[in-house]
Amino acid sequence: STYAAFNTLISVAIGFVIGGYSFANLFGKWQTYVVAGIRLVFLPTVSVLILKLFNAPQEAVVATLCANAMPLGLNTVIIPSAYGKSSDDGASMALVSQLTAVFTIPILFYILL
């Protein structure tokens with residue numbers, strides 16, 4: 001499908017961008033893990049709990065969880081570089097959030113739904 005092809009293209013683009021950085025630098029910043037935790041666990045959990053508190057339809061809860069539990073994309077790398085800034089932090093956040101999301105997405109769906 002078109003969606004699968006688009007996701008594959010984005011994944012390849014992220015791989016090319018992140019491949020240009022040192023893995024030691026990408027994994028070495030503790031702030032990256034804090035941002036990933038907020039983005040991948042805290043925000044989706046709070047969003048779903050608020051919707052459940054107000055008895056939102058299950059479809060809305062699932063859609064919100066899908067939208068909020070996804071990892072950071074390539075924009076964290078592209079936007080700083082477009083303004084002439086270093087995209088090291090963005091590449092670090094993209095890599096860590098992509099790898100962490102492999103675990104957090106299924107866990108959040110199991111616990112919150």
Side-chain angles (χ1 to χ4, degrees):
S1 77
T2 305
Y3 181 72
F6 180 72
N7 278 341
T8 303
L9 180 63
I10 293 298
S11 297
V12 170
I14 290 172
F16 276 123
V17 171
I18 291 175
Y21 293 95
S22 163
F23 281 121
N25 291 341
L26 294 177
F27 287 114
K29 299 176 182 178
W30 65 269
Q31 296 93 339
T32 300
Y33 298 97
V34 172
V35 170
I38 291 169
R39 174 70 174 109
L40 298 174
V41 178
F42 181 74
L43 291 177
T45 301
V46 169
S47 300
V48 167
L49 292 177
I50 289 172
L51 287 177
K52 286 187 172 191
L53 179 67
F54 289 108
N55 294 321
Q58 184 67 12
E59 294 84 7
V61 174
V62 171
T64 299
L65 182 56
C66 286
N68 289 327
M70 295 302 124
L72 296 165
L74 200 54
N75 285 342
T76 59
V77 178
I78 293 172
I79 292 173
S81 62
Y83 289 99
K85 304 292 181 186
S86 172
S87 58
D88 292 353
D89 292 336
S92 177
M93 286 188 283
L95 177 64
V96 169
S97 71
Q98 293 284 335
L99 294 176
T100 308
V102 171
F103 302 103
T104 59
I105 292 171
I107 291 170
L108 286 175
F109 271 79
Y110 180 75
I111 292 172
L112 296 175
L113 296 181

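The figures that follow rest on heavy atoms only: side chains count, while hydrogens, waters and symmetry mates do not.
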Novice: Can you get from Val46 to Ile107 by hopping between Ile, Leu, Val, Met, Phe, Trp and Tyr side chains that sit under 4.5 Å apart?
Specialist: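 Looking at the clustering, Ile107 is in a separate group from Val46.
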Novice: Which pairs count as salt bridge (Lys or Arg N to Asp or Glu O under 4.0 Å) when at least one residue sits in residues 38-62, sequence neighbours excluded?
Specialist: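 Applying salt bridge (Lys or Arg N to Asp or Glu O under 4.0 Å) to every pair that reaches into residues 38-62, excluding sequence neighbours, yields nothing.
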Novice: Who passes side chain to side chain contact (heavy atoms under 4.5 Å, CB included) against Thr104, sequence neighbours left out?
Specialist: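 With neighbours one apart ignored, the set is Leu40, Val41, Thr100, Ala101.
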Novice: Which pair of non-hydrogen atoms, one from Pro44 and one from Leu65, has the smallest distance, and what is that distance?
Specialist: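 Minimum heavy-atom contact is CB-CD1, 3.8 Å.
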Novice: Taking only residues at least two apart or on different chains, which pairs with a member in residues 86-98 satisfy salt bridge (Lys or Arg N to Asp or Glu O under 4.0 Å)?
Specialist: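 Pairs touching residues 86-98 that pass the test: Lys29-Asp89.
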Novice: Suppose we screen for side chain to side chain contact (heavy atoms under 4.5 Å, CB included). Which residues come up paired with Phe27, at least two apart in sequence or across chains?
Specialist: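 With neighbours one apart ignored, the set is Phe23, Tyr33, Leu95, Val96, Leu99.
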Novice: Please name all residues satisfying side chain to side chain donor-acceptor pair (under 3.5 Å) with Ser97, sequence neighbours left out, ordered by chain then number.
Specialist: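 Partners of Ser97 under the side chain to side chain donor-acceptor pair (under 3.5 Å) test: none.
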Novice: Establish whether Val61 and Leu53 are linked, either directly or via other cluster members, by ILVMFWY side-chain heavy-atom contacts under 4.5 Å.
Specialist: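 Each belongs to a different hydrophobic cluster.
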Novice: Only pairs at least two apart or in different chains count here, so list each salt bridge (Lys or Arg N to Asp or Glu O under 4.0 Å) that has a residue in residues 96-113.
Specialist: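 Pairs touching residues 96-113 that pass the test: none.
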Novice: Can you list every side-chain hydrogen bond (donor to acceptor under 3.5 Å, both in side chains) pair that touches residues 60-71, not counting sequence neighbours?
Specialist: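 Counting only pairs at least two positions apart or across chains, the side-chain hydrogen bond (donor to acceptor under 3.5 Å, both in side chains) contacts touching residues 60-71 are Ser47-Asn68.
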Novice: Test of understanding: clusters of I, L, V, M, F, W, Y form through side-chain heavy atoms closer than 4.5 Å, transitively. Do Leu113 and Ile105 belong to the same one?
Specialist: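 Result: yes, single cluster for both.
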Novice: Checking Leu43 now: which residues fulfil side chain to side chain contact (heavy atoms under 4.5 Å, CB included) with it, not counting sequence neighbours?
Specialist: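 Leu43 satisfies side chain to side chain contact (heavy atoms under 4.5 Å, CB included) with Ile38 once adjacent residues are dropped.
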Novice: Looking at every heavy atom in both Leu72 and Gln98, which two are closest together, and how far apart are they?
Specialist: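 Smallest heavy-atom distance, with atoms named: O-NE2, 3.0 Å.
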Novice: Could you give all pairs that pass the salt bridge (Lys or Arg N to Asp or Glu O under 4.0 Å) test and reach residues 99-113, with sequence neighbours left out?
Specialist: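 Passing the test, one end in residues 99-113: no pairs.
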Novice: Under a single-linkage definition using a 4.5 Å side-chain heavy-atom cutoff for Ile, Leu, Val, Met, Phe, Trp and Tyr, are Tyr110 and Leu51 assigned to the same hydrophobic cluster?
Specialist: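 Both belong to a single hydrophobic cluster.
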